[in-house]
Peer 1: 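Supplied in structure tokens, the structure appears directly below.
Per chain, numbering begins at 1; letters A, B, ... match sequence-line order.
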Amino acid sequence: MPESNSSEAKTPRVRFAPSPTGYLHVGSARTFIFNWLYARHNHGTMVLRLDDTDVERNTDASVRSIFGGLRWLGLNWDEEYKQSERLALHRQQAEAIFAKGHAYRDFTPAHSADSDQSSAQGAWLSNPGMRELSREESDRRAAAGEPFALRYRVPRGEDRILRFVDGVYGAQTKLADEVEDFALLRSDGMPTYHLASCVDDADLRISHIIRGQDHLTNTFKHLLIFDALGAEAPQFAHLPLLVAPDGTKLSKRRHGPVVSVTTYRDAGFLPQAFVNFLCLLGWSPKNDREFLTLDELTAAFTLEGVNRANAVVNFTEDDPFDAKAVWLNAEHIRALPVEQLSPLLQPFLEQTGLQASPDKLLAVTPLIRERIKLLRDGASAADFFFLPQLAPYDPAELIPQKGDASLARRVLKHAQEVLTTTAFDHDSLDQALRAAAAQLGLKAGPMFQPIRVAVCGRKNAPPLFETMAVLGREVCLERIRQAEERLQSLG
RNA sequence: GGCGCUAUCGUCUAGGGGUUAGGACGUGAGAUUCUCAAUCUCAAAACCCGGGUUCGAUUCCCGGUAGCGCUACCA
């Protein structure tokens with residue numbers, strides 16, 4: 001199997017191999033995206049493999065969270081595997097490696113060696129006792145049922161140098177003497193990550209492994225495993241890590257929910273904006289472009305554009321989202337046709353208890369599109385369109401800058417008269433209200449503010465005429481009447 | 001500790017032996033506008049330190065420092 005001529009594959013096969021021990025992490029999401037872009041850019045195959053060999057820590061909730069996150073991103077994959085279903089293959093290959101003499105049984109009880117620091121001084125490189133155990137004794141103890149871990153017999157002596165060329169970091173070398181005899185099989189017979197991962201990568205004929213830089217050093221072990229498997233090692237490309245403002249790797253414990261992609265989804269990020277943002281972390285199209293569609297990203301993506309330094313996701317306690325992510329989201333929201341944006345807004349409005357009919361929301365959407373950065377902002381930006389009754393507001397807001405309550409009253413009174421007869425469309429309202437302002441000897445500002453506050457219940461809102469047209473005559477008139485009442489309280 | 005990787009505005013980045021070191025976000029100021037937003041203009045803001053190499057280094061080399069990663073019978 002591993003020696004099958006994988007080199008004849010013309011198109012790349014890449015994989016994303018998350019382990020279901022938590023939710024989908026933004027760093028993992030980026031790794032997935034980069035793999036996907038690489039596959040699509042090169043017309044290759046995207047493989048999704050669940051690396052679930054750690055039975056202790058795997059959870060179904062995590063599996064659901066990961067798939068949910070990936071589905072939300074909207075990037076599909078071509079093949080799907082589950083590592084736990086491939087156990088037989090892993091053991092068989094471990095056996096083959098042992099049979100070829102590339103591994104030995106280590107009968108040292110688990111956790112006995114790592115307790116004291118001094119053991120990390122030199123003995124860790126190899127297990128003098130176990131490495132040299134005769135085959136006969138090894139077989140005998142194994143047959144007697146003594147538990148053992150299977151360890152790779154890393155070549156010692158000479159100046160054996162392990163080398164590979166990383167697609168991002170360039171030529172990498174390491175002395176084999178600096179690689180310890182790492183485990184392939186645990187004493188319970190389960191494969192370790194290194195073994196399972198390499199066996200599967202070889203078996204699935206993965207041509208390019210694109211993963212986080214935290215695996216850069218592990219790659220030497222993997223090279224050794226591919227070698228023992230008799231398989232050609234894939235190409236490797238490591239990605240700089242995503243780190244928090246404190247410089248450390250993003251983690252749930254330290255940094256909270258900001259590291260989960262569901263947090264972005266639930267706040268109302270558009271997946272295309274989120275993808276766009278993540279791509280700009282550690283990769284650059286090198287042409288000063290920031291706003292990129294998925295197609296543009298696919299066309300532009302190359303490993304050469306990947307940076308080598310870790311990238312900071314710039315969030316704070318007050319502000320859980322990187323300002324650039326928010327800005328990009330606003331850009332993508334504005335780029336979306338109203339008919340597409342509107343239904344996306346719907347659940348966010350309903351979440352806050354607003355009853356928004358699709359038709360009305362469609363009419364409202366263009367009025368708030370430029371005023372929201374996240375989809376969830378839609379609720380606060382558009383609430384007054386859907387509230388049957390305006391929330392109480394300070395009547396003082398009805399009074400324009402350089403005016404008093406009586407001016408506000410005059411404006412509202414006059415507006416009522418005008419609005420009773422004019423048609424409720426943008427142009428008619430525009431003409432009628434401007435004319436009304438002129439009659440009162442007022443500029444637009446002082447004229448429109450009392451009306452805006454009366455109709456919207458606040459000072460900052462979308463353009464007045466469009467807003468009133470959507471609200472309709474009845475509602476506007478009623479709200480102005482109520483505003484007059486509120487004004488009474490000011491005497 | 002050992003090994004490895006990295007180092008340009010606050011953040012994401014472009015660039016590269018001679019440049020006013022470019023862009024974006026954010027920030028500040030202004031313009032426009034019925035408010036807000038959007039848009040436009042302008043501004044402040046960076047080559048980690050020390051040695052080399054060179055006529056000339058932010059760029060190339062070495063060292064230092066700092067950060068990160070690996071160093072598990074976790075992945």
Peer 1: Using both distances under 3.5 Å as the test, list the Watson-Crick or G-U wobble partner of B:C60, or none.
Peer 2: B:G52
Peer 1: Starting from the 5' end of RNA chain B, give me the residue, A:Phe107 or A:Pro240, whose nearest nucleotide shows up first.
Peer 2: A:Pro240
Peer 1: Verify the contact: side-chain N or O of A:Asn310 to OP1 or OP2 of B:U6, cut-off strictly under 4.0 Å; return yes or no.
Peer 2: no
Peer 1: Just checking A:Arg458: base, sugar-phosphate only, or nothing, at a heavy-atom cut-off of under 4.0 Å?
Peer 2: nothing
Peer 1: At 4.0 Å (heavy atoms only), tell me whether A:Lys249 reaches a base, stays on the sugar-phosphate, or touches nothing.
Peer 2: sugar-phosphate
Peer 1: Rounded to whole angstrom, note down the P distance from B:G50 over to B:C36.
Peer 2: 49 Å
Peer 1: Using purine N1 to pyrimidine N3 plus N6-O4 or O6-N4 for Watson-Crick, or N1-O2 and O6-N3 for G-U wobble, each under 3.5 Å, what pairs with B:C74?
Peer 2: none
Peer 1: At 4.0 Å (heavy atoms only), tell me whether A:Asn287 reaches a base, stays on the sugar-phosphate, or touches nothing.
Peer 2: nothing
Peer 1: Looking at A:Leu398, A:Leu419, A:Val411, which hits side chain to side chain contact (heavy atoms under 4.5 Å, CB included) with A:Ile480?
Peer 2: A:Leu419
Peer 1: Just call it for A:Ser197: base, sugar-phosphate, or nothing, with non-hydrogen atoms closer than 4.0 Å on any strand.
Peer 2: nothing
Peer 1: Distance alone, cut at 3.5 Å: any donor-acceptor contact between the side chains of A:Ser428 and A:Asp425?
Peer 2: yes
Peer 1: Distance check, P atoms only: B:G1 and B:G26, in whole angstrom units.
Peer 2: 41 Å
Peer 1: Heavy atoms only, 4.0 Å cut-off, all strands: where does A:Glu290 land among base, sugar-phosphate and nothing?
Peer 2: base
Peer 1: For A:Thr53, which contact category applies under a 4.0 Å heavy-atom criterion: base, sugar-phosphate, or nothing?
Peer 2: sugar-phosphate
Peer 1: Answer with base, sugar-phosphate or nothing: what part of the nucleic acid does A:Glu397 contact at a heavy-atom distance below 4.0 Å?
Peer 2: nothing
Peer 1: Contact class for A:Ala461 vs. all strands (heavy atom < 4.0 Å): base, sugar-phosphate, or nothing?
Peer 2: base
Peer 1: Tell me which nucleotide, if any, is Watson-Crick or G-U wobble paired with B:C9 when both distances must be under 3.5 Å.
Peer 2: none
Peer 1: Salt bridge between A:Arg289 and A:Glu296, side-chain N to carboxylate O under 4.0 Å?
Peer 2: yes
Peer 1: My understanding is that only one of A:Leu239, A:Val168, A:Leu241 makes a side chain to side chain contact (heavy atoms under 4.5 Å, CB included) with A:Gln213; could you say which?
Peer 2: A:Leu241
Peer 1: For A:His238, answer base if it contacts any base atom (sugar-phosphate contacts may also be present), sugar-phosphate if it contacts only those atoms, and nothing otherwise; contact means non-hydrogen atoms under 4.0 Å.
Peer 2: nothing
Peer 1: Considering residues, nucleotides and ligands other than A:Gln401, do more than 12 of their heavy atoms fall under 6.0 Å from its CD?
Peer 2: no
Peer 1: Tell me whether the OP1 or OP2 atom of B:C73 has a side-chain N or O from A:Arg151 closer than 4.0 Å.
Peer 2: yes
Peer 1: Verify the distance criterion only: is there a donor paired with an acceptor across the side chains of A:Thr219 and A:Arg211 at less than 3.5 Å?
Peer 2: yes
Peer 1: Distance check, C1' atoms only: B:G15 and B:G22, in whole angstrom units.
Peer 2: 7 Å
Peer 1: Checking all strands, does A:Phe277 fall into the base, sugar-phosphate, or nothing category for heavy-atom contacts under 4.0 angstrom?
Peer 2: nothing
Peer 1: If we take the P atom in both B:C73 and B:G67, what is their distance in whole Å?
Peer 2: 28 Å
Peer 1: Report which part of the nucleic acid A:Asn218 touches: base, sugar-phosphate, or nothing (heavy-atom distance under 4.0 Å, all strands).
Peer 2: base
Peer 1: Tell me which nucleotide, if any, is Watson-Crick or G-U wobble paired with B:A45 when both distances must be under 3.5 Å.
Peer 2: none
Peer 1: Given the C1' atoms of B:U33 and B:G23, what is the spacing between them in whole Å?
Peer 2: 29 Å
Peer 1: Considering only the P atoms, how many Å lie between B:U19 and B:U58, rounded to the nearest integer?
Peer 2: 11 Å
Peer 1: For B:C47 and B:U59, measure between their P atoms and round to the nearest Å.
Peer 2: 12 Å
Peer 1: So what's B:C3 paired with, Watson-Crick or G-U wobble, going by both distances under 3.5 Å?
Peer 2: B:G69
Peer 1: Parallel under 30°, tilted from 30 to 60°, perpendicular over 60°: which one fits the rings of A:Phe269 and A:Phe321?
Peer 2: perpendicular
Peer 1: Taking only N and O in the side chain of A:Lys286, is any of them less than 4.0 Å away from OP1 or OP2 of B:U13?
Peer 2: no
Peer 1: Expressed as a whole number of Å, how far does the C1' atom of B:A57 sit from that of B:G51?
Peer 2: 13 Å
Peer 1: Between A:His215 and A:His238, do the side chains contain a donor N or O and an acceptor N or O under 3.5 Å apart?
Peer 2: no
Peer 1: Starting from the 5' end of RNA chain B, give me the residue, A:Ser187 or A:Glu466, whose nearest nucleotide shows up first.
Peer 2: A:Glu466
Peer 1: Assign A:Pro463 to base, sugar-phosphate, or nothing according to its heavy-atom contacts below 4.0 angstrom with the strands shown.
Peer 2: base
Peer 1: What does B:U32 pair with, Watson-Crick or G-U, if both distances are under 3.5 Å?
Peer 2: none
Peer 1: Please classify the nucleic acid contact of A:Gly212 as base, sugar-phosphate, or nothing, using heavy-atom distances under 4.0 Å.
Peer 2: nothing
Peer 1: What's A:Leu464 touching, base or sugar-phosphate or nothing? Going by heavy atoms closer than 4.0 Å.
Peer 2: base
Peer 1: With both distances under 3.5 angstrom, what nucleotide forms a Watson-Crick or G-U wobble pair with B:A14?
Peer 2: none
